[in-house]
Amino acid sequence: MLAGTPIGDVGDAPPRLSAELARADVIAAEDTRRLRRLTQALGVHPGGRVLSYFEGNESARTPELADALAGGARVLLVTDAGMPSVSDPGYRLVAAAVERGIRVTAVPGPSAVLTALALSGLPVDRFCFEGFPPRKAGERLARLRENAEERRTLVYFEAPHRLDDTLAAMAEAFGTDRRAAVCRELTKTYEEVKRGPLGELAAWAAQGVRGEITIVVEGASDTGGAELDDEELVGRVRVREDAGERRKEAIAAVAAEAGLPKRRVFDAVVAAKNAARGGA
């Protein structure tokens with residue numbers, strides 16, 4: 001059984017988590033020390049064996065856990081935060097259990113991916129999760145360029161000490177005006193969601209950012225700039241203004257969507273304004 005654990009506030013622990021921790025025959029934990037702190041906070045005493053199960057020993061320990069499952073043991077897998085298998089250990093054990101015909105289920109819990117999406121202010125009807133970008137600069141930029149035409153909203157994890165480099169690479173690959181949100185320390189005391197164009201976010205991150213980071217990036221526009229005339233550009237700006245955006249931000253967002261320079265959209269808005277005055 002996979003069990004989601006709090007990504008910050010221990011009060012977000014799913015109700016079933018305490019019961020499963022108490023009844024499991026084996027608990028496979030990404031970090032046994034963090035598990036101990038969690039069980040103490042929940043007032044739970046694990047009744048079964050506790051084993052470490054992390055990136056360094058995942059391959060070697062999976063057969064042992066699969067054998068325990070095949071023998072009828074109740075095995076519970078927890079990671080440091082969020083759902084196992086999502087950029088955390090878990091996939092190998094699930095695959096091994098499925099191969100043996102063993103039932104796998106989950107205790108749903110908090111997810112940094114979904115929490116960040118909900119708070120980002122970006123479209124959430126379609127999205128894809130890209131995990132951690134490559135650490136090496138060249139590989140990171142190449143991967144991001146592969147994602148540049150993705151129309152779904154993109155979600156990434158990143159370490160705080162690499163955030164400025166990653167946002168700068170995103171601005172290069174996606175364009176400085178592409179909208180994004182950097183979600184920091186979700187559900188914790190110092191939770192912060194910083195929204196804006198990638199160019200501005202990269203400059204902000206260069207000052208230094210701490211904490212657990214999730215990045216949400218707007219997908220590529222599904223309409224090429226060549227297909228939009230001035231009237232359509234102005235109409236899109238008006239829709240955003242009516243929704244509460246300032247004109248400057250609305251123009252920048254429409255330009256990014258259409259793959260056009262901001263000046264092109266700005267000139268269209270000014271021309272429409274002057275035409276309206278002349279016709280009054």
Side-chain angles (χ1 to χ4, degrees), residues 2-21 27-44 46 50 52-55 76-90 106-122 124 127-133 135 153-168 170 179-196 198 200-218:
L2 309 179
T5 55
I7 59 176
D9 191 331
V10 72
D12 293 333
R16 285 175 52 204
L17 179 59
S18 295
E20 296 298 341
L21 286 168
I27 301 174
E30 185 177 10
D31 186 327
T32 57
R33 293 168 299 180
R34 293 188 68 162
L35 172 65
R36 189 179 305 113
R37 291 196 293 269
L38 176 62
T39 55
Q40 289 173 348
L42 295 175
V44 177
V50 176
S52 65
Y53 188 71
F54 62 100
E55 184 179 3
L76 183 70
L77 173 59
V78 295
T79 52
D80 290 349
M83 283 298 297
S85 293
V86 182
S87 281
D88 279 332
V107 178
S111 166
V113 175
L114 297 180
T115 304
L117 269 170
L119 296 177
S120 69
L122 298 172
V124 298
F127 69 91
C128 58
F129 175 58
E130 288 291 323
F132 284 90
R135 297 183 180 184
T153 298
L154 297 144
V155 184
Y156 301 85
F157 288 159
E158 189 52 287
H161 62 279
R162 289 194 295 270
L163 179 62
D164 55 342
D165 290 335
T166 293
L167 288 173
M170 286 179 172
R179 293 188 300 164
V182 176
C183 304
R184 186 180 73 86
E185 295 288 89
L186 289 171
T187 79
K188 300 178 183 177
T189 302
Y190 297 104
E191 175 181 287
E192 178 182 22
V193 180
K194 188 75 173 179
R195 305 175 183 88
L198 281 168
E200 292 182 11
L201 291 175
W204 164 75
Q207 303 171 22
V209 179
R210 296 181 179 180
E212 300 288 334
I213 303 293
T214 305
I215 307 169
V216 185
V217 183
E218 182 179 40

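- The closest side-chain heavy-atom distance from Ser85 to Leu2 is below 4.5 Å.
- A donor-acceptor distance shorter than 3.5 angstrom exists from the side chain of Ser120 to the backbone of Leu117, with no hydrogens or angles considered.
- Within the 3.5 Å criterion, the main-chain N or O of Tyr190 finds a donor-acceptor partner in the side chain of Arg184.
- Using a 4.5 Å heavy-atom threshold, the side chains of Leu38 and Val78 count as separate.
- Here SG of Cys183 is found 10.0 Å from CD of Glu192. Values are rounded to the nearest 0.5 Å.
- Heavy-atom contacts from other residues, nucleotides or ligands closer than 6.0 Å to CD of Glu212 number 12 or fewer.
- Leu186 pairs with exactly one of Ile213, Asp9, Leu119 by the side-chain contact (heavy atoms from CB on, under 4.5 Å) rule, that one being Leu119.
- Contact check for Asp80 versus Thr5: no side-chain heavy atoms found under the 4.5 Å cut-off.
- Atom CG in Leu17 sits 10.0 Å away from atom OG1 in Thr39 (nearest 0.5 Å).
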Let me see the working for Asp12 and Thr187 under side chain to side chain contact (heavy atoms under 4.5 Å, CB included), right down to the final yes or no.
CA-CA 9 Å; Asp12 293 333; Thr187 79; 3.8 Å; yes
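- Of all the heavy atoms in Pro110 and Gly4, the pair that sits closest is CD-C, 4.5 Å.
- Side-chain contact between Leu167 and Ile215: present, with at least one pair of heavy atoms (C-beta onward) separated by less than 4.5 Å.
- Judged by distance alone, the side chain of Arg16 and the main-chain N or O of Pro108 form no donor-acceptor pair under 3.5 Å.
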Output, in order, the C-alpha distance, side-chain angles, deciding distance and verdict of side chain to side chain contact (heavy atoms under 4.5 Å, CB included) for Leu154 and Cys128.
CA-CA 5 Å; Leu154 297 144; Cys128 58; 3.4 Å; yes
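- With contacts defined as side-chain heavy-atom distances shorter than 4.5 Å, the pair Val209/Trp204 qualifies.
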Given side chain to side chain contact (heavy atoms under 4.5 Å, CB included), test Thr214 with Val113 step by step and report yes or no.
CA-CA 7 Å; Thr214 305; Val113 175; 5.7 Å; no
Under 3.5 Å, side-chain donor or acceptor atoms of residues 155-163 against the rest of the protein: list the pairs with distances, not counting sequence neighbours.
{"unit_1": "Tyr156", "atom_1": "OH", "unit_2": "Asn147", "atom_2": "OD1", "d": "2.8"}
{"unit_1": "Glu158", "atom_1": "OE1", "unit_2": "Arg162", "atom_2": "NE", "d": "3.2"}
{"unit_1": "Glu158", "atom_1": "OE1", "unit_2": "Arg162", "atom_2": "NH2", "d": "3.4"}
{"unit_1": "Glu158", "atom_1": "OE2", "unit_2": "Thr166", "atom_2": "OG1", "d": "2.6"}

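- In this structure the side chain of Thr32 never reaches within 4.5 angstrom of the side chain of Phe54, judged on heavy atoms.
- Annotation for Ala180 and Leu198: closest pair CB-CD2, 3.6 Å, computed over non-hydrogen atoms.
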Given side chain to side chain contact (heavy atoms under 4.5 Å, CB included), test Val10 with Leu42 step by step and report yes or no.
CA-CA 8 Å; Val10 72; Leu42 295 175; 4.1 Å; yes
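- Leu201 and Gly196 get closest at one heavy-atom pair: CD1-O, 3.4 Å.
- Contact check for Leu35 versus Leu21: side-chain heavy atoms found under the 4.5 Å cut-off.
- Across Gly109 and Met83, no two heavy atoms sit closer than the pair N-SD, 3.8 Å.
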